[in-house]
Amino acid sequence: SSITIRFINMAKSILQPLLFLCISVITFLVSYLLAKTVEVGTIAEGGLSLIMIVMFLSFFIHWVMFIPSYIFQTEKFYDLTGSITYITLLSLVIYIKQLVVHSVLDWRSILIFSCIIIWTVRLGGFLFWRVLKDGEDKRFRTILPSFTQLFMTWTLSAAWVFIQSLAALVALTSLEQQPFGIIGSIGLGLWIFGFGFQVIADHQKTQFRANAANEGNFIKEGLWSISRHPNYFGEIALWTGIALMALPVMSGLQYVSLISPLFGFLLIYFVSGVRLLENKANKKWGNNPAYQDYKKNTPIFFPKFFRKKP
């Protein structure tokens, strides 16, 4: 009946915003608890650990940027804000570390800092250019009108920046000093591999889309022939590399920060990237035999580097 439908719609309009706010609160609390867990044995300033300070700062930046995003109903600077936050947090940590603890920075700190800055400037610039070119980020069509859902989305981005860089933050603020060593070198090698993989995959897709002959088609060339999401695989590989570079200076509860690449994988695979794109592709090419064949022969995430010859 119409009364039942009205009641369901009314309940939905009340409960959905509450759910979005609950997720925002839980996201902040999880980030706070992680900061509290890994901060032992790290640099502290004025009674607060540097890790806790940058955690608060990440949320502060994102919540400030949420305001114009909602008022002007725009998502154009969403990805760019993430990049600016990475640069701000890591630069602050490096500056305070140099000021308070070491006048000369160790190789581990310099390399971890440089790797993340190179990655965030490249990816943030690429995503910002893409959203300007496309005119919008289609994911935000249903999110922008909702105050609570948009707030949750900005809150999740703040948590993403903090948790994704947690292993790096532990290494940069650790009072422990260790030689860079073999594990650090393997980590750096993995970062170079992952970064290169992501850059090449993004470039190949950009070139594919720029060709008018490919309008409405799916990409299956280059790295996209060995993985359906090679750009995301590259991202997880490079963050695993950063966690390995950070590993030798960790001790005790600091090892919890090794969830950084795992968190990145879970977010990319199940929430923001792979799942959404797979659903979109299935709607678009689900009945296309060529796409079904591509799906059958190409791994969803981890690349098939060695193919059996037919």
Side-chain angles (χ1 to χ4, degrees), residues 54 58 61-62 65 75-94 107-137 139 156-169 171-172 184 186-210 219 221-224 226-246 260-261 263-265 267-269 272-274 276-277 301 303:
V54 296
S58 181
I61 292 168
H62 280 81
M65 297 307 285
E75 79 297 344
K76 284 191 171 68
F77 49 84
Y78 179 76
D79 288 314
L80 193 64
T81 300
S83 292
I84 290 166
T85 307
Y86 273 112
I87 294 165
T88 305
L89 301 192
L90 292 164
S91 299
L92 177 70
V93 166
I94 285 287
W107 262 112
R108 188 185 316 280
S109 297
I110 292 165
L111 285 170
I112 289 174
F113 175 77
S114 302
C115 285
I116 297 176
I117 296 298
I118 290 166
W119 167 80
T120 198
V121 168
R122 202 287 309 181
L123 185 64
F126 172 75
L127 294 173
F128 186 57
W129 165 80
R130 195 175 69 183
V131 79
L132 289 179
K133 186 170 71 74
D134 295 346
E136 65 166 339
D137 184 334
R139 295 173 302 174
L156 287 169
S157 181
W160 168 70
V161 171
F162 175 69
I163 300 171
Q164 181 93 292
S165 56
L166 194 58
L169 289 169
L172 293 175
I186 292 168
L188 180 59
L190 187 55
W191 182 89
I192 292 166
F193 165 77
F195 180 73
F197 211 85
Q198 186 178 52
V199 170
I200 292 165
D202 282 338
H203 177 71
Q204 287 173 343
K205 195 165 193 179
T206 303
Q207 294 293 101
F208 180 83
R209 282 180 169 175
I219 183 170
E221 289 90 43
L223 295 179
W224 301 82
I226 60 171
S227 167
R228 302 208 297 274
H229 301 280
N231 53 336
Y232 290 140
F233 168 76
E235 175 138 336
I236 298 310
L238 71 85
W239 278 106
T240 305
I242 285 165
L244 281 176
M245 282 192 264
S260 289
F263 169 80
F265 171 75
L267 193 68
I268 276 174
Y269 198 92
S272 66
V274 172
L276 290 176
L277 290 172
F301 192 80

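All values derive from a computational prediction rather than experimental measurement.
- For the pair I84 and F77, the minimum side-chain heavy-atom distance is 4.5 Å or more.
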Determine, stepwise, if the pair L277 / Y232 fulfils side-chain contact (heavy atoms from CB on, under 4.5 Å). CA-CA 11 Å; L277 290 172; Y232 290 140; 3.8 Å; yes
For residues 156-169, run the donor-acceptor check on the side chains, cut-off 3.5 Å, and write out each pair with its distance to 0.1 Å, sequence neighbours left out.
unit_1: S157; atom_1: OG; unit_2: H62; atom_2: NE2; d: 3.0
unit_1: S165; atom_1: OG; unit_2: V161; atom_2: O; d: 2.6
unit_1: S165; atom_1: OG; unit_2: F162; atom_2: O; d: 3.3

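- Here the straight-line distance linking atom OH of Y86 with atom CG of L123 works out to 9.0 Å at 0.5 Å rounding.
- For the atom pair L223 CG and N231 CG, the distance stands at 9.5 Å (nearest 0.5 Å).
- Atom-to-atom distance recorded for E235:CD and I268:CD1 is 4.0 Å, nearest 0.5 angstrom.
- Among residues two or more places apart in sequence or in another chain, the salt bridge (charged side-chain N to carboxylate O under 4.0 Å, His left out) test is passed with R122 by D202.
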Please list every donor-acceptor pair under 3.5 Å in which a side-chain atom of residues 110-120 meets a protein atom from a residue at least two apart or in another chain.
unit_1: S114; atom_1: OG; unit_2: I110; atom_2: O; d: 2.7
unit_1: W119; atom_1: NE1; unit_2: Q198; atom_2: OE1; d: 3.4
unit_1: T120; atom_1: OG1; unit_2: S83; atom_2: OG; d: 3.2

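- How far OG1 of T81 is from CZ of F128: 9.0 Å, rounded to the nearest 0.5 Å.
- Considering only heavy atoms from C-beta on, L238 stays 4.5 Å or farther from L190 through its side chain.
- Aromatic ring orientation, F195 versus W191: parallel (interplanar angle below 30°, classes split at 30° and 60°).
- Across every non-hydrogen atom of R130 and R209, the tightest pair is CD-NH1, 4.1 Å.
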W239 and I236: CA distance, side-chain angles, deciding distance, side-chain contact (heavy atoms from CB on, under 4.5 Å) verdict: CA-CA 5 Å; W239 278 106; I236 298 310; 5.7 Å; no
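- Side chain of S227 to main chain of F301: a donor-acceptor pair is present (N/O by atom type, distance under 3.5 Å, no hydrogens or angles).
- From T85, atom OG1 reaches atom CG of L80 across 9.5 Å, with rounding to the nearest 0.5 Å.
- When all heavy atoms are compared, the tightest approach of W224 to H229 is CZ3-CA, 4.3 Å.
- The line from CG of L188 to CD1 of I192 is 4.0 Å long, rounded to the nearest 0.5 Å.
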